[in-house]
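The figures here come from the full heavy-atom set of this structure, side chains too, leaving out hydrogens, waters and symmetry mates. Being a predicted model, the structure only gives us computed values, none of them experimental.
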Amino acid sequence: MDSLKAAHDQEVASFVCAFYRLYRAKIDTDGRVVRVSLDDALAKELDGQWARGYELEFVFREQDLRERETAELVTLGSYRFHYLVQLALQKGLFCQIALSPESIPAQPRLPLARPGEKYYRLHARITYRPSLAITFTSAFSGERRWEESKTFIIDRINGRVCELVWEKIGGYVQDLLPEHTKHLKKPKLSLKKAYTRLEKAALDWLLAHDQAWTMIAKQKLATEEAELNEYYRKKLQEEAALNPEAAAQLRQIWQVRLKEQQERFAPKVMVRPVQYAVVAVPEAETVYLRTGRFTETKICTRITPFYAETTD
Amino acid sequence: MEIIITQPLLRGSTRFQPGQVLKAEDRSLYQEAQIPEANELSFKIYVHKEGYRYLRQLIRTGSAVSWDLFSLAQWAYQLSLKATEQKLIALEHLKDIWRRSGVLYYQHQLNTAYRVINEFHGRAILADEVGLGKTIEAGLVLKEYLLRKMVRKVLILTPASLCRQWQQELREKFDISAWIAKRPWDWQTNDLLIASLDLAKHGANRQAVLSQAYDLVIVDEAHKLKNEHTQNWQLVNALSTKYLLLLTATPVQNNLKELYNLITLLKPGQLGTFREFKKAHITSDRKPRDSEKLKRLLKEVMIRNRRTDAGINLPRRIIRSIPIELSEAERALYQEITRYIREKTRRLGLQAGLPLITLQREVCSSPMAAAYTLARMHRKADPEDQPELYRLLERAVAITAPSKAKICLELIREHRDKVIIFTEYRATMNYLLQFFFEQGYQVVGFDGSLSAGRKQWAAHLFRNKVDIMVSTESGGEGLNFQFCNAMINYDLPWNPMRLEQRIGRIHRLGQTRDVSIFNLSTTDTVEAHLLRLLDEKIAMFNMVIGDIEALFGTQGALRSFETELYQAVLQAENDEELRQNFERLAQTVREKRQQLREEAWIL
């Protein structure tokens, strides 16, 4: 547990420093204390137009407060952490990027159907396929609530959807430049269609998700509803002499209470996009001539970081 | 669910501004996903309606950021998911703010917040004894739900006098901005509202309140919901809310039906119908048939922390009563004023005498306080009264060195540490400020006329720079001075709750040293009788705060105690009668206290 906390503290410290470094704030580290200076321009950028430059002093472990009592303790979930997370999310909503050709895996060995067959490479080129990546978060709520996220990428030419793990391709990302757009193919799929297919992929993932959690929530809901129904049925019986208006009111309150239980325990998932990226995905297109004893065929291979295909 | 808008966006008639954060799960932004092939789906899926529009807008407006910023946001999101794995995010969120602003929290408060969320699923009665921090517990639950994005629309119902206090506490202790409802449209336009029960239950406001569905409703002083025939109870019963917290230190005040009504609001059926409840649990109004069985049922919906269970052992209170002999001139003034009051009461009746009692109390405090009132009375008096009042005023003004101030100075010299002095009267406060200043002390005053900022500044000065604070009653509420361990009651309030509030400023959670309380009382005056009543007859200074609240609080069994004191003084023709009247009052207090103890089976 302690080692987990230490790892979290370390990660939070790295995140905070990375955040301010990215915004070109002046950072000064003195042992376990980190000092950050924001000038007027940066304060305005981060905190709004009325903000003025200021200095902050952080520590990331409770025991370091002994060294510097006036410093702010930043931990996983602390106020400052929350504030920086919100800012980062707010600022990093959308990007346009290209993946470098190095992200393309090596050409797989081409299959030889008969002895004596040979391949001759006729020509090869690198083009870019217009793609759209969206990270969706799913908030699961029933007896408790938690969130999970998944990123999917769609090829806007052939509509192929894949799951994307940013960490795997992070090292190959470049800002989208004219040299990329020059070789960018024309999309066949509209933005709206691409979005809809990605949303569907997120829903399919949810449908395949383990649904054991819904059982606990449903059980709890059923118990609560049964208790309520029993109470109100008896109450209506007991108070049969009630005037119709009062009885109607009681039925109305009964419905309100039932709805509240639905709100509390009914299992549901709310899906929303949190980050969007327009991605130029490199494609290595190679045309081969396959020669056999009596035949010659042209074969085209297309390899991207996400899939490979071969067509005659 | 938080959506951060980066560009102005018009949806319906609402304009969202860049950077605006929409709080949790704004349902209107979602629609149920249609998945035809999944007939047997055991849960509902809602998808965000505006996702595509945001994307299109981001592309059109060229709002792309660098990969570095984009990947930082990914990292931030993954870290925020890790943060939600903690038991109480709210604690982690607030810990450093509380450390720096000196807010103290206790394990029982954290446990309560955790249990409310995880065991009670957001519907509970918080019935801690007074002073154990029910507001902190409710605030923690609210903050936790907000951080976990489980609530958006929140309503806090309190007595009108506590609205501002709630607003301030939420802002200062929980970094939550709440709006105090005043108009019917406030209920629609604000997600986090504080409203007085009285305002919410009437007319157009009632309609507006009931037209909304809430995620969380908190009702403070929930004992006001004890009667199902009242508008209070009916309003809360008609509200639609996912989570409900009822806060009260006294869930049972008169009879078990009150308790039944409270629990039925929270969880109908927990105690059955009232007929079933009566048959199973009630023998008389106050006694349950099987208290253990009932307690078990209550524990499923109610959390009550007691001082003893919470492991809170405050340091000792050392009470010292200091009798003060009045000087000849002061004694003469006191006697003349007493004679004047008795004569007036005899002539004009008890009602006319009531305001004059203040004058008698002021003389006990300081001649300056009496002089101030006498001057005012003189200006407004009938011509035949004016000479008498003028004579009294002259006598009061002639006294320049009150005996009390001298003794007070000796006590301060003896204590050699920070001291807070409480007085009922601003004129006395001003005199004391001048007096101590002349004696070479650094001193700060604190009274109700100060703005909130100046009050904070005065508190800061007392904490960091000066040794003496002289405060009127306004200092008795809200601010905490645990760094000081001595208090001088320069005069005594007639309401024991107010006296307890004074003491509570220094004798509270966070105090580490024994606390000295000096009560100054002028001998052979009404003040001496009062002190004897409070200290010796009913042992008020040794009562626990829960008992005092139950007896003398706004809902207490002896809430008219102050009025009865006034009557005891006015009805007495002489000192002996006054002594007997006070003895009778003491007897009433003792009896009520015993009765409350017998009925406290549930607590």
Checklist entry - So which of Glu69(A), Met215(A), Arg80(A) has the largest heavy-atom pair count under 4.5 angstrom toward chain B? => result Glu69(A)
Item to check | Residues forming a ring pair (Phe, Tyr, Trp, His ring centres under 6.0 Å) with Trp254(A), sequence neighbours excluded | outcome: Tyr232(A)
Checklist entry - Where does Ala226(A) contact chain B at under 4.5 Å (heavy atoms): side chain, backbone, both or neither? => result neither
Checklist entry - By a 4.5 Å heavy-atom criterion (distance strictly below it), what part of Arg257(A) contacts chain B: side chain, backbone, both, or neither? => result side chain
Item to check | Under 4.5 Å from any heavy atom of chain A - which part of Ile97(B) | outcome: side chain
Checklist entry - Checking heavy atoms, do the side chain of Val74(A), its backbone, both or neither come under 4.5 Å from chain B? => result neither
Item to check | Between Ser78(A) and Glu92(B): side-chain donor-acceptor atoms closer than 3.5 Å | outcome: no
Item to check | residues 167-177 of chain A: residues contacting chain B (heavy atom under 4.5 Å, by number) | outcome: Gly170(A), Val173(A), Asp175(A)
Item to check | Leu65(A) versus chain B, the contacting section by heavy-atom distance below 4.5 Å | outcome: side chain
Next on the checklist: If we count only N and O atoms by modelled type, under 3.5 Å, do the side chains of Gln57(B) and Arg60(B) hold a donor and an acceptor together?
Outcome noted: no
Checklist entry - In terms of heavy-atom pairs under 4.5 Å, which option from Glu230(A), Lys259(A), Gln262(A), Glu143(A) contacts chain B the most? => result Glu143(A)
Next on the checklist: Salt bridge check, Arg53(B) against Glu50(B): does any charged N sit closer than 4.0 Å to a carboxylate O?
Outcome noted: yes
Item to check | N/O donor-acceptor pair under 3.5 Å between Glu224(A) side chain and Leu221(A) backbone | outcome: no
Checklist entry - Non-hydrogen atoms of chain A under 4.5 Å away: do they reach the side chain of Gln86(B), the backbone, both or neither? => result side chain
Next on the checklist: Counting heavy-atom pairs under 4.5 Å with chain A, which one of Thr264(B), Ile89(B), Leu244(B), Ile59(B) comes out on top?
Outcome noted: Ile59(B)
Checklist entry - So which part of Phe136(A) gets closer than 4.5 Å to some heavy atom of chain B, the side chain, the backbone, both or neither? => result neither
Checklist entry - chain A: which of Leu81(B), Thr273(B), Leu91(B), Asn118(B) shares the most heavy-atom pairs with it under 4.5 Å? => result Thr273(B)
Checklist entry - Between Trp205(A) and His209(A), how do the two ring planes meet: parallel, tilted or perpendicular, split at 30° and 60°? => result perpendicular
Next on the checklist: Could you check whether Glu147(A) pairs with Lys149(B) (Lys NZ or Arg NE/NH1/NH2 to Asp/Glu carboxylate O, under 4.0 Å)?
Outcome noted: yes
Item to check | Shortest non-hydrogen separation from Ala277(A) to Trp166(A) and the atoms involved | outcome: CB-CH2, 3.8 Å
Checklist outcome for this item: Pair count under 4.5 Å, heavy atoms only, with chain A: among Lys95(B), Gln78(B), Arg56(B), highest is Lys95(B)
Checklist entry - Of all of Glu227(A), His8(A), Glu72(A), which one pairs up most often with chain B through heavy atoms under 4.5 Å apart? => result Glu72(A)
Item to check | No-hydrogen, no-angle side-chain donor-acceptor test under 3.5 Å, Thr135(A) and Thr151(A) | outcome: yes
Checklist entry - Parallel, tilted or perpendicular: which describes the rings of Phe265(A) and His121(B), with under 30° parallel and over 60° perpendicular? => result perpendicular
Checklist entry - Measuring heavy-atom distances to chain B, does Trp146(A) have an atom under 4.5 Å in its side chain, in its backbone, in both, or in neither? => result neither
Checklist entry - Relative to each other, are the rings of His48(B) and Tyr54(B) parallel, tilted or perpendicular (30° and 60° limits)? => result tilted
Checklist entry - So which part of Ile97(A) gets closer than 4.5 Å to some heavy atom of chain B, the side chain, the backbone, both or neither? => result side chain
Checklist entry - Which residues pass the side chain to side chain donor-acceptor pair (under 3.5 Å) test with Glu11(A), sequence neighbours left out? => result Trp75(B), Lys82(B)
Item to check | Cation-aromatic face contact Lys257(B)/Phe274(B), 6.0 Å, 45 degrees | outcome: yes
Checklist entry - Between Thr196(A) and chain B, which part of the residue has a heavy atom less than 4.5 Å away: side chain, backbone, both or neither? => result neither
Checklist entry - Which answer fits Tyr79(A), side chain, backbone, both or neither, if we ask what part of it has an atom under 4.5 Å from a heavy atom of chain B? => result both
Checklist entry - At a heavy-atom separation under 4.5 Å, does Leu22(A) approach chain B through its side chain, its backbone, both, or neither? => result side chain
Checklist entry - If you draw a 6.0 Å radius around NZ in Lys278(B), do more than 12 non-hydrogen atoms from other residues or ligands fall strictly inside? => result no
Next on the checklist: Looking at chain A, which one of Thr241(B), Leu147(B), Asp175(B), Asp68(B) has the largest number of heavy-atom pairs inside 4.5 Å, strictly under?
Outcome noted: Thr241(B)
Checklist outcome for this item: Max heavy-atom pairs within cutoff under 4.5 Å with chain B, candidates Tyr276(A), Tyr23(A), Phe140(A), Phe81(A), goes to Tyr276(A)
Checklist entry - Which bit of Gln252(A) comes within less than 4.5 Å of chain B, counting heavy atoms only: side chain, backbone, both or neither? => result neither
Checklist entry - Relative to chain B, which segment of Ile253(A) carries a heavy atom at a distance below 4.5 Å: side chain, backbone, both, or neither? => result side chain
Item to check | Contacting moiety of Leu198(A), where chain B heavy atoms sit under 4.5 Å | outcome: neither
Checklist outcome for this item: With sequence neighbours left out, the residues meeting side chain to side chain contact (heavy atoms under 4.5 Å, CB included) with Leu297(B) are Gln270(B), Leu271(B), His281(B)
Checklist entry - Under a 4.5 Å heavy-atom cut-off, does chain B meet the side chain of Lys192(A), its backbone, both or neither? => result both
Checklist entry - Do we get Lys87(B) above Tyr114(B)'s six-membered ring, with its NZ or CZ under 6.0 Å from the centre and within 45° of the axis? => result yes
